[in-house]
Amino acid sequence: MKIEEYEIRKINDFLTLEDLKDKLASNNLILIKAYTDKLLEEKLLPYLTKEEIIKLEDYKSEIAKINYLVSRAILNLALKGLLEKEIDDLTVKRDKNNKPYVESTLGLKFNISHTEGLVLLAFFKREVGVDVEKINYKFEFKDILENCFTKDEIINIDNNIISFYRYWTAKEAYLKCDGIGIIRNLKEIEIISYGNKVIEISDNKNNIIIRLQPLNYDDKYFGAICLEEN
């Protein structure tokens, strides 16, 4: 499996998203990362549906607002090219676990994650989960370790905030791929190894081991991507 990665930093970069169908047909995973700091709201509004523009006004936080705007603009442009539909004709639904999906003969699956300054979208022909977080060195992560991690994981995290974010985003990516999200007991999902290229997670409830790929952007954002097994 090959990852086709697209980077968006300015408005013209969005034009590269209209030609993704051949990449998906080759069974490649499409990963789009967008840095939001220089993307202007008025330039992205044409890529949103009327309903999305109305919903945009509900956001009070500027970070949440730009993340929603950028993620929906990317999603809509990508789906426009992949499904060959106009943006206002696109319908994104949610399953019983609130995971978004589109009905498609391509077997298209996608997942979204965002944090301050960065938005990620992944597209694949099997279930996919992606998660990313910006390091917040002021976050009191030690307060939640015992509720979210096993004893061995806590030892491996070793009170290091970067290790915490690596482990946290790996669990999130797996659970988002699984479609359930963090409503599960996070201690059922144990990271048994974390390398530069591969993360191994043991799902003790389902008695399976899953391999994920770690993500690191500028040593500032850490995350992971998980694919449904064949």
Side-chain angles (χ1 to χ4, degrees), residues 1-8 13-36 39 44 47-49 51-52 55-56 64 66-115 118-133 169-183 199 210-215 217 221 223-230:
M1 185 273 300
K2 181 181 178 182
I3 295 181
E4 293 282 349
E5 193 163 340
Y6 294 77
E7 181 173 295
I8 293 176
D13 294 335
F14 279 81
L15 300 178
T16 64
L17 303 181
E18 296 185 356
D19 189 26
L20 302 179
K21 198 166 186 178
D22 289 343
K23 305 294 184 183
L24 190 72
S26 301
N27 291 319
N28 295 336
L29 182 144
I30 298 168
L31 183 62
I32 302 167
K33 62 176 178 177
Y35 292 91
T36 63
L39 297 175
L44 296 177
Y47 303 134
L48 268 61
T49 65
E51 292 78 10
E52 289 166 344
K55 185 177 179 179
L56 190 64
I66 191 66
N67 283 347
Y68 176 78
L69 176 60
V70 172
S71 62
R72 298 308 295 204
I74 293 172
L75 179 64
N76 289 345
L77 269 177
L79 292 179
K80 176 184 177 183
L82 290 168
L83 303 181
E84 298 178 347
K85 289 185 176 182
E86 293 304 314
I87 287 176
D88 277 324
D89 294 330
L90 295 172
T91 302
V92 177
K93 300 181 179 181
R94 291 189 177 266
D95 64 18
K96 63 180 181 181
N97 294 314
N98 206 36
K99 185 174 182 177
Y101 73 96
V102 290
E103 293 180 346
S104 161
T105 57
L106 299 175
L108 178 66
K109 309 292 183 184
F110 68 91
N111 201 232
I112 302 170
S113 184
H114 41 67
T115 185
L118 185 68
V119 171
L120 288 184
L121 281 86
F123 297 86
F124 200 45
K125 283 192 171 183
R126 300 196 304 273
E127 290 293 350
V128 58
V130 65
D131 195 60
V132 68
E133 291 286 352
T169 54
K171 290 196 178 196
E172 281 260 26
Y174 170 68
L175 291 171
K176 290 173 73 177
C177 180
D178 190 44
I180 296 178
I182 58 173
I183 59 173
I199 307 164
I210 302 294
R211 293 160 64 91
L212 297 80
Q213 179 170 321
L215 302 173
Y217 300 120
Y221 301 96
I225 189 161
C226 179
L227 304 178
E228 181 185 26
E229 297 290 310
N230 280 322

Within the structure provided, determine whether [X] and [Y] are in side-chain contact (heavy-atom separation under 4.5 Å).
X	Y	result
Ser113	Glu172	no
Asp178	Ile210	no
Leu90	Val102	no
Leu39	Phe14	yes
Tyr6	Ile74	no

Closest approach of [X] and [Y], non-hydrogen atoms and distance?
X	Y	value
Ala170	Leu212	O-CD2, 3.5 Å
Ala173	Cys226	O-CB, 3.7 Å
Leu31	Tyr217	CD2-OH, 3.5 Å
Ile199	Gln213	CD1-C, 4.2 Å
Cys177	Leu227	SG-C, 3.7 Å

With sequence neighbours excluded, residues passing salt bridge (Lys or Arg N to Asp or Glu O under 4.0 Å) with [X]:
X	value
Glu51	none
Glu228	none
Lys80	none
Asp89	none

Side chain to side chain contact (heavy atoms under 4.5 Å, CB included) partners of [X], counting only residues at least two apart:
X	result
Asp88	Thr49, Lys50
Thr169	Asp131, Glu133
Leu75	Arg72, Leu79, Val92, Phe110, Ile112, Leu121, Phe123
Glu103	Lys93, Tyr101

So does Ala122 get a backbone contact from the side chain of Asn111, meaning a donor-acceptor N/O pair under 3.5 Å?
no

When you measure from the side chain of Asn76 to the backbone N and O of Tyr47, does any donor-acceptor pair fall under 3.5 Å?
yes

Quick check for you: to the nearest 0.5 Å, what is the distance between [X] atom [atom1] and [Y] atom [atom2]?
X	Y	atom1	atom2	result
Ile32	Leu17	CD1	CG	4.5 Å
Ile3	Ile30	CD1	CD1	11.5 Å
Glu229	Arg126	CD	CZ	7.5 Å
Tyr35	Ile8	OH	CD1	11.5 Å
Leu29	Glu5	CG	CD	9.5 Å

Sort and list the pairs that fulfil ring pair (Phe, Tyr, Trp, His ring centres under 6.0 Å) and have at least one residue in residues 68-92, not counting sequence neighbours.
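For residues 68-92, and leaving out neighbouring residues, the ring pair (Phe, Tyr, Trp, His ring centres under 6.0 Å) pairs sorted by first residue read Tyr59-Tyr68.
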
Within 6.0 angstrom of Lys85 NZ, more than 12 heavy atoms from elsewhere:
no

Taking side chain to side chain donor-acceptor pair (under 3.5 Å) as the definition, give me every residue that meets it alongside [X], ordered by chain and number, with sequence neighbours left out.
X	answer
Asp13	Lys10
Glu7	Arg9, Lys33
Glu86	none

Exactly one of Leu120, Ile225, Leu215 should register a side chain to side chain contact (heavy atoms under 4.5 Å, CB included) with Val132. Which one does?
Leu120

